[in-house]
Each structure stands twice: as C-alpha cells, then as structure tokens.
Visitor: 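Structure incoming, see below.
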Protein chains: 2
Amino acid sequence: MPSPSSEVHSIDVSLGDRSYKIEIGTESIDTFSDSILASLGDLTHALVIADAAVENPWAMTIASSIAKQKTPSGDDIRVNLIAVPSGETSKSIGQLDTLWQWMLESSADRRSVVIAIGGGVIGDLAGFAAATFTRGIRFIQVPTTLLAMVDSSVGGKTGINLPTAKNMVGAFWQPSLVLIDTSVLSTLPDRSYISGLGEVVKYGVIDDAPFFEWLEANAGKLLDRDDNAVRYAIAESCRSKANVVGEDERETSGRRAILNYGHTFAHAIEATAGYGQVLHGEAVAIGMQMAAHLAIELELCDAELLKRQTALLKACGLPTTYAAADPDAMLPVMKRDKKVSHGNLRFVLPERIGSVTLLGDIKEPNVTKAILACC
Amino acid sequence: MPSPSSEVHSIDVSLGDRSYKIEIGTESIDTFSDSILASLGDLTHALVIADAAVENPWAMTIASSIAKQKTPSGDDIRVNLIAVPSGETSKSIGQLDTLWQWMLESSADRRSVVIAIGGGVIGDLAGFAAATFTRGIRFIQVPTTLLAMVDSSVGGKTGINLPTAKNMVGAFWQPSLVLIDTSVLSTLPDRSYISGLGEVVKYGVIDDAPFFEWLEANAGKLLDRDDNAVRYAIAESCRSKANVVGEDERETSGRRAILNYGHTFAHAIEATAGYGQVLHGEAVAIGMQMAAHLAIELELCDAELLKRQTALLKACGLPTTYAAADPDAMLPVMKRDKKVSHGNLRFVLPERIGSVTLLGDIKEPNVTKAILACC
Ligand SMILES: NC(=O)c1ccc[n+]([C@@H]2O[C@H](COP(=O)([O-])OP(=O)(O)OC[C@H]3O[C@@H](n4cnc5c(N)ncnc54)[C@H](O)[C@@H]3O)[C@@H](O)[C@H]2O)c1
Ligand SMILES: NC(=O)c1ccc[n+]([C@@H]2O[C@H](COP(=O)([O-])OP(=O)(O)OC[C@H]3O[C@@H](n4cnc5c(N)ncnc54)[C@H](O)[C@@H]3O)[C@@H](O)[C@H]2O)c1
Ligand SMILES: [Zn+2]
Ligand SMILES: [Zn+2]
C-alpha cells in the first residue's frame with residue numbers, strides 16, 4: 001500500500017496571471033512550508049491567521065515550520081500568528097479592523113503573505129484582509145473543514161457580513177496557493193463533515209456525470225472517511241469549481257451561477273429555520289431536492305434524476321426532505337435574494353446528471369409545489 | 001470668444017477593459033447626467049456620496065439631473081444622496097461602515113453606481129466603498145478640489161486610513177468615468193487651490209518638458225484661475241498621470257514610483273510639521289526642492305534645473321523653502337516610509353526637466369544636506 005502522503009493531487013486553477021495550484025494530500029502538513037517556499041520564492045514575512053479551533057496544533061505546526069525556513073539570501077522568515085474566535089460572527093467589520101491593526105503592528109508590508117488556516121469563515125475574513133491591506137497582498141488558503149476544502153477556499157471570493165446581510169462586502173482576490181491536508185478533518189464533527197458532502201454531490205449534478213457515478217459507488221467510503229476516497233472527492237470538486245471559476249472569474253457572464261444549484265432554496269431554508277438549526281450543506285441537499293422537483297414539474301428533466309440524487313444524498317447521510325419547510329415564509333426571502341432581479345424568480349435547474357441550466361420567470365405556484373414536495 | 005462650456009477636454013485612460021474617460025469642462029455640470037448615461041447605458045440606481053462642503057448646490061444639482069433621466073426602457077433612475085463630513089478624519093473605518101450600511105439600506109445591488117463628489121478624501125473613501133460593496137460596483141469620480149482633479153481622481157487608488165497609518169487599507173479600483181467642471185473651484189480657498197498647483201508642477205518635472213515650459217509662460221494665468229489655462233493644466237496633468245498609471249496600474253513595475261517625486265521629503269515634512277500646518281501640495285513643492293538639491297549633490301542634474309523649478313514654484317505662489325525643516329526629525333520618518341525597503345533610502349530624483357529616475361542606497365549625510373539647503 002502506498003503511503004498516503006505520497007499521493008498528492010495537484011490541481012491548476014487557470015486564471016491568467018492569477019493562476020494557482022491546489023495541493024491535496026494526507027498527513028502532508030510537514031511539506032506545507034516547502035510548498036509555500038517553492039510557490040512564493042520571495043517569502044520574507046508570513047501572517048498566519050487561524051481559527052481558534054485549529055490553532056493548536058495545526059496552525060502552530062505550520063507557523064513553526066515556516067519559521068525554520070530561510071529566504072534564498074539566507075535571512076530568517078518572520079512569522080506572526082493570530083487566532084480568531086470560531087464562528088460566523090467573526091466575519092465582521094470589528095474582526096476585520098482587528099486584523100488590519102494586527103497586520104500593521106506586525107510591520108506587514110506589500111511582500112508579506114497571509115496564511116488563512118480554518119473553515120470558510122477564516123478564509124473569507126483573512127482573504128479580505130489580504131485583499132485590502134496596502135491595497136492587496138498575497139494569501140494562501142489552508143482549509144480545515146470539508147466545506148472550505150471543496151468550495152470556499154477555491155474561486156477568490158472573500159468578504160465579511162454586515163449585521164443584517166451575509167457576504168455583503170468583500171473582494172474578488174485569488175489565493176496564491178491552496179494547501180489541503182485531509183488529516184485535519186479528524187477533529188471535524190460528523191455533522192459538519194457530512195454537510196460538506198452536500199456541496200460535493202452538487203458538483204456531480206451540475207457538471208460531472210462520471211463523478212456522480214463515482215460518488216454513487218463510493219458514498220460508503222466517503223462516509224467512513226477513507227483517505228483515498230476523501231482526497232479524490234476533494235480533488236474532483238476543486239477541479240469542477242476551478243473550471244467554472246476559470247470561465248467566469250468575477251461572476252459577470254452568468255456561468256458561475258451554476259454553482260448556486262440548490263442555493264436559492266437553501267438560503268431561504270437557512271433564513272427561516274433559525275440560526276444554526278440547519279447546516280449549510282444540509283440546506284443545499286434539501287434545496288437540490290426542491291430544485292429537482294421544480295425541474296420535473298417544468299418538464300426539464302425526468303423523475304429518474306431525482307431518484308438517483310435522492311439515493312446518493314441519503315447514502316452520504318444527508319437529509320432529502322425538510323418537514324418544517326414553509327413556502328409562505330420561504331418565498332419572500334427568495335424574492336429578496338441577491339441573485340433575483342426585480343422579483344423575477346430564477347433557478348438553476350437540472351436537465352440531466354452533469355448538466356444544469358439557469359431559468360428565469362418561474363411562477364410562484366410552481367415554486368410552492370416544489371417546496372411542499374419535500375416536506 | 002467661444003462659450004467656455006464648448007471646450008471640453010477629453011482624455012482616455014487606457015487600461016484594457018478597465019479603460020475610462022476624463023472629461024474636463026467649465027460650467028459643464030449640466031451635461032454631467034448626459035455623459036453618465038452615455039457612458040453607463042444601463043444605469044438604474046445612483047448612489048451619490050458628497051463632501052458636506054459641496055453638497056449644496058453641486059451634489060444636489062447632479063443628483064437631481066440624474067433623477068430626471070430615464071433608463072433606455074423608460075424607467076425612472078433611482079438616486080440616493082449622502083453627505084460625508086469634510087476632512088481627512090472621514091477616511092476611517094467608521095465612515096466606511098456608515099457608507100456600507102447606507103448602500104444596503106438604499107437597496108443597492110451590483111448594477112448600482114457610486115458617484116463620488118468632493119476632494120481626495122471623498123474619492124478615496126467612496127471609491128473604496130464601491131470597490132467592496134457586493135465585491136465591487138462601478139463608480140464615477142467628480143473631483144471638486146484641484147488636487148483631486150489633477151491627482152487623486154485618476155489612477156484607481158482608493159482606501160482609508162488606520163488610526164496611526166495613512167492609506168494603509170484600500171483597493172485598486174478604477175472609476176468608470178471622471179467628470180470635471182472647473183467652476184466648482186470658485187468656492188475653493190486660495191491656499192488649497194495653490195497647493196494643488198504643486199502636483200501640477202510635479203508632472204512637468206517628471207514627465208513633460210513642454211508642459212513645464214507652458215507652465216513657466218502661464219503661471220500668472222493659473223494663479224488668476226483663468227478658465228482656459230486651468231482646464232489645460234488639468235488636462236495635461238491627467239494625461240501625464242494616465243500615462244504612468246497605464247504602464248504600471250498596480251504599482252508593481254516601479255514605473256508608478258515617479259509620481260512620488262518630492263513625496264518622501266513631503267511626507268516627512270507633513271508628519272513632523274503637526275497636522276494641517278503645511279498642506280500636501282506645499283509639502284510636495286518643498287520636497288521637490290529638497291530632491292533637486294539632492295540630485296545636484298549626487299551630480300544627477302545641473303543647478304539650472306533647480307533654478308527653473310524654484311522660479312516656477314514661486315510664480316505659482318508655492319513655498320520653496322521650509323524654515324522649520326529638521327533633518328533629525330525627518331530622517332526617522334523617511335526610513336519608515338512604505339516605499340523604503342529595509343532602511344534603504346530611495347528617492348525619485350530629477351535628471352533634467354521632463355525626466356526623473358529612482359535611486360536607492362542614498363547616504364544619510366546627503367539627505368541631511370539636501371534638507372538643510374531648503375531651510
Ligand atoms: N468564499 C466562498 O466562495 C464561500 C463559499 C461557500 C461558503 N463560504 C463561507 O464559508 C463559511 C462557512 O464555512 P465553514 O462551513 O467552513 O464554517 P466555519 O469556518 O465556521 O467552520 C465551521 C466550524 O468548524 C470549526 N472547525 C474548523 N476546522 C475544524 C477542524 N479541522 N476540526 C474541528 N473543528 C473545525 C470552526 O471553528 C467552526 O466552528 C460561511 O461564512 C460562508 O459564507 C464562502
Ligand atoms: N487616490 C489617490 O491616488 C490620491 C492621490 C493624492 C491624494 N490622495 C488623498 O486625497 C486626500 C486629499 O485630497 P484633497 O486635498 O482634495 O482634500 P479634501 O478632500 O479633504 O478636500 C480639502 C477641503 O476642501 C473642501 N472642499 C472640497 N471641494 C471644495 C470646493 N469645491 N469648494 C470649497 N471647499 C471644497 C473639503 O471639504 C475639504 O475641507 C488625502 O486623503 C490623500 O491621501 C489620494
Ligand atoms: Zn454552498
Ligand atoms: Zn501628492
């Protein structure tokens with residue numbers, strides 16, 4: 001059996017002069033500082049920003065192994081580390097301000113590099129701090145949740161929340177490198193891990209029928225957190241997302257919208273369920289079910305698609321229905337959605353496994369019916 | 001005599017798909033909404049952010065003339081207006097937060113357009129708010145100080161200050177259009193207007209010998225605020241800055257550094273003089289004198305250059321010496337300058353009128369001597 005750490009998947013995100021690599025290994029953390037030095041040869045100062053939950057040992061290990069490295073001219077590499085409180089409330093103006101001040105006090109300059117270690121919260125927050133400090137410095141993503149590994153660390157969206165509006169301010173700012181060690185997932189609770197699988201299934205439906213089939217055959221291994229299967233699923237997910245992002249980096253052509261499959265329903269579920277009741281990936285799973293029902297109703301796809309999607313989500317341990325779904329509460333939220341224009345309800349809908357389409361002018365009764373089909 | 005408003009200078013800033021026009025007129029404000037609609041055909045919502053000093057009548061006039069326009073499909077254009085307190089302290093996290101909240105409450109979305117009306121403070125602050133709201137919306141600069149017309153409104157640098165560090169966070173975010181009506185300068189105090197001329201002279205020295213000669217011949221007209229002369233000086237300044245920015249949009253190649261001629265000295269003067277004692281353009285004038293002395297000492301240029309620069313600055317009403325200059329106080333500030341690396345003192349120095357060079361490893365005694373030469 002090959003040693004797990006020897007099988008590193010490497011994926012290229014092609015974005016012209018903003019291109020970068022995603023490296024996915026297991027027990028690969030000891031190689032991170034080499035990868036960082038290889039990618040950013042001129043590193044002199046690292047600003048490590050970590051989720052408090054992974055500060056010890058993950059962030060400390062990375063920080064100290066960088067500190068042991070030298071610049072090409074033999075100088076020490078300076079390393080500063082800050083821990084940010086866990087949780088969505090850290091994606092705030094207050095935390096951003098704290099990071100800016102800390103970067104200044106750490107004598108950061110344009111050549112300093114931010115290393116974000118944590119889930120999507122830390123990636124989004126630290127990425128935005130990097131995008132704006134001295135009008136932009138480089139940053140590296142080290143995602144530590146499954147959701148961050150397969151979704152938020154790839155694609156360059158960074159930002160924070162306003163008190164009443166999620167992800168309302170931010171920047172498109174691509175990382176210079178994404179480093180993934182799946183061993184870090186060992187401390188991740190099952191529910192969070194399974195929630196991340198919701199996004200993994202999404203890539204199969206929107207873009208990649210062979211991957212969907214692979215997931216049907218390997219859902220059990222994924223649920224058991226088999227290293228090889230987990231790495232492969234992350235790699236395929238990153239490849240899908242990287243392809244879409246490469247075609248529509250700044251969300252201008254509309255292509256990037258397919259990543260929102262299930263998400264208009266999901267956001268409405270999250271907003272009406274009460275904070276933390278339904279995890280994001282769980283809401284996406286239910287949302288994809290609603291979208292599939294809607295697509296069948298509109299005769300965009302056949303019932304077989306829904307059947308396969310339902311079976312795969314169940315095999316991954318994800319919910320496929322939501323007893324508390326309330327169309328009267330969800331519809332107003334959906335009409336306010338950022339992606340909706342002038343009350344025109346638009347949805348990403350499946351045509352077949354591996355292919356979705358964006359459809360506008362959907363009628364409310366159809367949406368209501370799709371929601372009620374999943375109660 | 002042609003009506004002043006008929007002579008509109010139009011300058012192209014060439015930055016690939018981020019290219020834009022600068023339009024410079026006199027009593028041209030009534031044409032602004034036409035220019036805006038012509039440039040941004042899909043305008044549906046304008047967010048007017050104005051310096052309190054120019055809210056009435058300037059910002060209100062622009063806001064109401066936009067509100068009278070229609071979208072191509074005959075809909076009304078929504079207009080919201082907010083006044084920001086005058087002064088550098090508004091370039092703060094607190095004001096940025098206020099603007100973000102206001103944009104959200106105004107139901108701004110990705111197609112909304114920010115219109116910044118004011119000096120460099122408003123341009124930098126509102127530009128950064130535009131760069132970050134929903135990860136970037138378009139914005140238009142309507143500069144109302146001479147400094148903003150010839151410098152800050154062109155080039156895409158936006159940002160705010162941290163409590164102890166100016167311009168420490170921000171973004172490169174190009175405007176979609178810059179609209180200048182020189183009539184707005186009628187309310188600008190002489191000292192502020194003359195300070196702006198400091199940057200105008202700078203362009204002649206760093207990049208444009210014929211423009212320097214034109215300035216020598218027309219300094220009197222500029223001091224009298226002759227409309228034709230003022231428009232021409234603004235147009236030539238914008239052209240110079242646009243050329244430099246076009247070669248080095250994100251300050252990576254080093255070319256953009258020439259815009260800092262006189263500025264390393266100027267920042268040290270501003271920092272040691274006590275807030276508001278010396279205006280920025282005045283400090284730049286003195287800084288250019290120090291840089292010219294330094295260049296002569298290093299045998300980079302002849303004394304004739306200094307003589308012509310001194311005469312032109314005086315003709316523009318600008319200071320050429322600074323009695324309180326203190327090398328012992330200024331040098332530590334210069335060594336901390338963002339543009340200085342590892343204590344290596346670097347300066348943009350003149351070789352001849354129209355040409356400067358960036359030189360590193362300058363010795364402290366030489367710098368001290370240059371400062372003392374201007375006391
Ligand atoms: N930028 C993007 O493209 C993008 C895409 C999707 C989601 N997001 C954002 O991502 C965020 C959600 O990301 P998330 O689900 O990773 O949430 P998260 O970052 O809040 O992490 C979830 C929880 O797991 C903990 N945690 C992290 N790593 C751990 C580990 N290895 N072991 C144990 N606990 C660990 C965290 O402390 C936190 O409590 C949201 O803010 C969302 O807006 C961004
Ligand atoms: N972005 C860039 O490239 C760049 C370049 C240079 C300077 N700047 C920034 O610009 C700022 C300085 O700009 P500024 O000198 O325009 O300062 P400012 O914006 O503070 O304006 C100076 C004063 O003039 C007032 N004012 C503005 N227009 C007026 C008018 N028409 N009549 C009467 N009063 C008027 C303002 O209320 C203010 O009190 C600084 O914050 C500096 O960092 C930015
Ligand atoms: Zn999602
Ligand atoms: Zn200046």
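Order of the sequence lines fixes the chain letters, A, B, ..., with proteins taken first and strands second; residue numbering starts at 1 for each chain. Heavy-atom basis, side chains included; hydrogens, waters and symmetry copies ignored.
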Visitor: Relative to chain B, which of A/Leu96, A/Thr164, A/Leu104 shows the most heavy atom pairs under 4.5 Å?
Guide: A/Leu104

Visitor: Answer yes or no: is there an ion pair linking B/Lys241 with B/Glu199, defined by an N-O contact shorter than 4.0 Å?
Guide: no

Visitor: Which one of B/Glu88, B/His263, B/His267 satisfies the side-chain hydrogen bond (donor to acceptor under 3.5 Å, both in side chains) criterion with B/His280?
Guide: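 For B/His280, the side-chain hydrogen bond (donor to acceptor under 3.5 Å, both in side chains) check succeeds only for B/His263.
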
Visitor: Report yes if the side chains of B/Gln95 and B/Pro85 come closer than 4.5 Å at any heavy-atom pair, otherwise no.
Guide: yes

Visitor: Is A/Ile137 close to chain B through its backbone or its side chain, or both, or neither, when contacts mean heavy atoms under 4.5 Å?
Guide: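 Neither part, no heavy atoms under 4.5 Å.
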
Visitor: Identify which part of A/Thr158 has an atom lying under 4.5 Å from any heavy atom of chain B, answering side chain, backbone, both or neither.
Guide: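 For A/Thr158, backbone heavy atoms alone lie under 4.5 Å from chain B.
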
Visitor: Answer with side chain, backbone, both or neither: which region of A/Ala129 has an atom nearer than 4.5 Å to a non-hydrogen atom of chain B?
Guide: neither

Visitor: Side chain to side chain contact (heavy atoms under 4.5 Å, CB included) with A/Thr134: which of A/Arg110, A/Arg111, A/Met103?
Guide: A/Arg110

